Colleague: 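Questions regarding the structure given below will be posed in turn.
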Amino acid sequence: MHHDLQNDTTKSSGWHMWFRLHTLDHRRVGGSRLIGTGTLAIIRAAFFAYTLAGWLLSVILDAKDGNMKGHFVYFTYLCYTGLLAYLAASLVHTVQVWRRGSPTLFVRMPKVLQLMHWLLFASALLYATIVSVMFWSLIYQASDYTSTKRKWVNASVHGTNIVIMWADMILGAMVFCAHWSHPLLLCFLMALYLSLAYINEAVNGWFAYGFINYKVHKALEVPIILGILVGTAVIYYLLYGLQVLLDRVLPPKHITDQSGLEYDDGDEQEDGYKLVSKP
């Protein structure tokens, strides 16, 4: 009989169930809606190489200008680092699916790492969308970017990031979790960042972003912060709705053709499933 490569619900308990880890189809980590796994691996490799180049150049330029102390105070660079981590992890899993026909590495990972990969995808896509929208609508000033290298880094961390993650969402097969625990955790991470921004102001005397400057906005600062957190949750579910639509219009190939995998009732591994080939 066929199996969705989800964790066995009878063997999942506690936080596994709370975060709905048992609902994640593991074939999604290397699956695709439109192209073969080999092609997806090549595209993700290109995405990773480009992002790594942008990340390294941003660090080198700030180190050269003596600005590394405040480099990771910016939400942009923290998110770009998370994007790089997701692309690296997804590339590893996609290559394995390409070469071995199944996501065995992901299947055998501890559940906490499986959850981290799921949340890493969600955070990379969600935060890239938020960063790009807020930067181009509220923050961008052409006079801030004078050199060609700075312009390229700016375009990478505020523009190419969202292009890469939206392309990954459409070409790949990963989806958000509909359960409120995931957006709640991502909103909590956003709140932690805002706390970091205020700590930075208290220690170093400057705000990373003007819209969180409580000295300017005064009584409006609390509604601004609440708006950011609510907006994060709203954008999360808008992206989730888009992914549901994509699944209906462009269902992942591994779901429609079962990818040559079936469930083996006789030799079940400790995580509730085994990968075997169809005859």
Side-chain angles (χ1 to χ4, degrees), residues 3-32 37 40-41 43-45 47-48 51-52 55 72 78-128 161 164-165 168-169 171-190 192-193 236 239-240 243 252 254-255 259 261 263-264 268-276:
H3 192 266
D4 284 340
L5 296 190
Q6 298 168 343
N7 290 329
D8 187 347
T9 56
T10 63
K11 296 187 177 184
S12 296
S13 59
W15 68 267
H16 310 142
M17 293 289 288
W18 199 73
F19 283 105
R20 299 301 191 269
L21 187 58
H22 61 284
T23 67
L24 175 62
D25 185 337
H26 291 165
R27 290 170 299 181
R28 284 186 177 271
V29 300
S32 173
T37 307
L40 180 63
I43 292 174
R44 281 179 166 166
F47 285 165
F48 171 74
T51 304
L52 178 60
W55 187 88
F72 290 109
L78 291 174
C79 294
Y80 205 64
T81 303
L83 170 61
L84 182 64
Y86 166 71
L87 291 173
S90 65
L91 176 59
V92 169
H93 295 305
T94 305
V95 169
Q96 186 180 55
V97 172
W98 178 26
R99 297 189 63 183
R100 301 190 60 179
S102 60
T104 50
L105 176 62
F106 188 86
V107 166
R108 293 166 181 164
M109 284 167 52
K111 288 182 172 61
V112 66
L113 294 182
Q114 293 177 5
L115 177 63
M116 286 178 64
H117 183 81
W118 200 4
L119 289 169
L120 194 57
F121 163 74
S123 64
L125 176 57
L126 174 65
Y127 294 154
N161 59 335
I164 285 175
M165 281 311 302
D168 188 89
M169 174 180 67
L171 295 176
M174 287 292 288
V175 293
F176 287 1
C177 177
H179 191 251
W180 55 264
S181 58
H182 286 227
L184 178 64
L185 182 55
L186 294 174
C187 287
F188 176 69
L189 292 177
M190 179 68 80
L192 284 181
Y193 169 74
Y236 178 95
L239 289 170
Y240 171 72
Q243 291 162 10
H254 70 266
I255 291 179
S259 291
L261 301 174
Y263 186 62
D264 182 0
E268 184 173 290
Q269 294 189 7
E270 65 178 62
D271 44 9
Y273 44 78
K274 179 186 178 183
L275 305 179
V276 297

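All values below come from the heavy atoms of this structure, side chains included, with hydrogens, waters and symmetry mates left out. Note that this is a predicted model, so its numbers are computed, not measured.
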Colleague: Nearest heavy-atom pair of Ala173 and Ser32: which atoms, and what distance?
Modeller: CB-N, 4.0 Å
Colleague: Would you indicate whether the side-chain heavy atoms of Met109 and His93 approach each other to under 4.5 Å?
Modeller: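 With C-beta onward as the side chain, the pair touches.
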Colleague: Quick check for you: to the nearest 0.5 Å, what is the distance between Met165 atom CE and Leu87 atom CG?
Modeller: 6.5 Å
Colleague: Could you report the tightest heavy-atom contact between Ser123 and Leu120, atom names first, then the distance?
Modeller: OG-O, 3.0 Å
Colleague: Between CG of Leu171 and CG of Leu40, what distance do you get to the nearest 0.5 Å?
Modeller: 7.0 Å
Colleague: If you compare all heavy atoms of Arg28 against all heavy atoms of Val175, which two are closest, and at what distance to 0.1 Å?
Modeller: NH1-CG1, 3.4 Å
Colleague: Just to verify, what does Tyr236 make a ring pair (Phe, Tyr, Trp, His ring centres under 6.0 Å) with, not counting sequence neighbours?
Modeller: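 Checked Tyr236 against ring pair (Phe, Tyr, Trp, His ring centres under 6.0 Å); matches are Phe176.
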Colleague: Looking at Asn161, Ile164, Thr81, which one forms a side-chain contact (heavy atoms from CB on, under 4.5 Å) with Thr51?
Modeller: Ile164
Colleague: CG/Leu126 to NE2/His182 distance, rounded to the nearest 0.5 angstrom?
Modeller: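 One gets 13.0 Å once the value is rounded to the nearest 0.5 Å.
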Colleague: Kindly indicate whether the side chain of Leu83, heavy atoms from C-beta on, has any atom under 4.5 Å from the side chain of Phe47.
Modeller: no
Colleague: Taking all atoms of both residues into account, what is the closest heavy-atom pair of Leu239 and Leu125, and its distance?
Modeller: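 Leu239 and Leu125 have their closest heavy atoms at CD1-CG, 4.1 Å.
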Colleague: Please report the interatomic distance CG(Leu119) to OG(Ser181), rounded to the nearest 0.5 Å.
Modeller: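 That separation rounds to 8.0 Å.
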Colleague: Measure across Cys79 and Tyr127 and return the closest heavy-atom pair with its distance rounded to 0.1 Å.
Modeller: SG-CB, 3.4 Å
Colleague: To the closest 0.5 Å, what do you measure between NE2 (His26) and CH2 (Trp118)?
Modeller: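 With rounding to 0.5 Å, NE2 (His26) is 8.5 Å from CH2 (Trp118).
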Colleague: Dump the intermediate steps for side chain to side chain contact (heavy atoms under 4.5 Å, CB included) on Arg108 and Gln114, then the final yes or no.
Modeller: CA-CA 9 Å; Arg108 293 166 181 164; Gln114 293 177 5; over 6 Å; no
Colleague: Under the side chain to side chain contact (heavy atoms under 4.5 Å, CB included) criterion, do Met174 and Met169 qualify, and how do the steps go?
Modeller: CA-CA 7 Å; Met174 287 292 288; Met169 174 180 67; over 6 Å; no
Colleague: Give me the atom names and distance for the closest heavy-atom approach of Val95 to Ala41.
Modeller: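 Looking at all heavy atoms of both residues, the shortest contact is CG2-CB, 4.2 Å.
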Colleague: Can you name the residues that form a side chain to side chain donor-acceptor pair (under 3.5 Å) with Asp168, not counting sequence neighbours?
Modeller: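 Checked Asp168 against side chain to side chain donor-acceptor pair (under 3.5 Å); matches are Arg44, Tyr86.
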Colleague: Residues two or more places apart in sequence or in another chain: which of them pass ring pair (Phe, Tyr, Trp, His ring centres under 6.0 Å) with Trp55?
Modeller: none
Colleague: Nearest 0.5 Å, what's the CG-SG distance between Leu186 and Cys177?
Modeller: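 Reported to 0.5 Å precision, the distance equals 10.5 Å.
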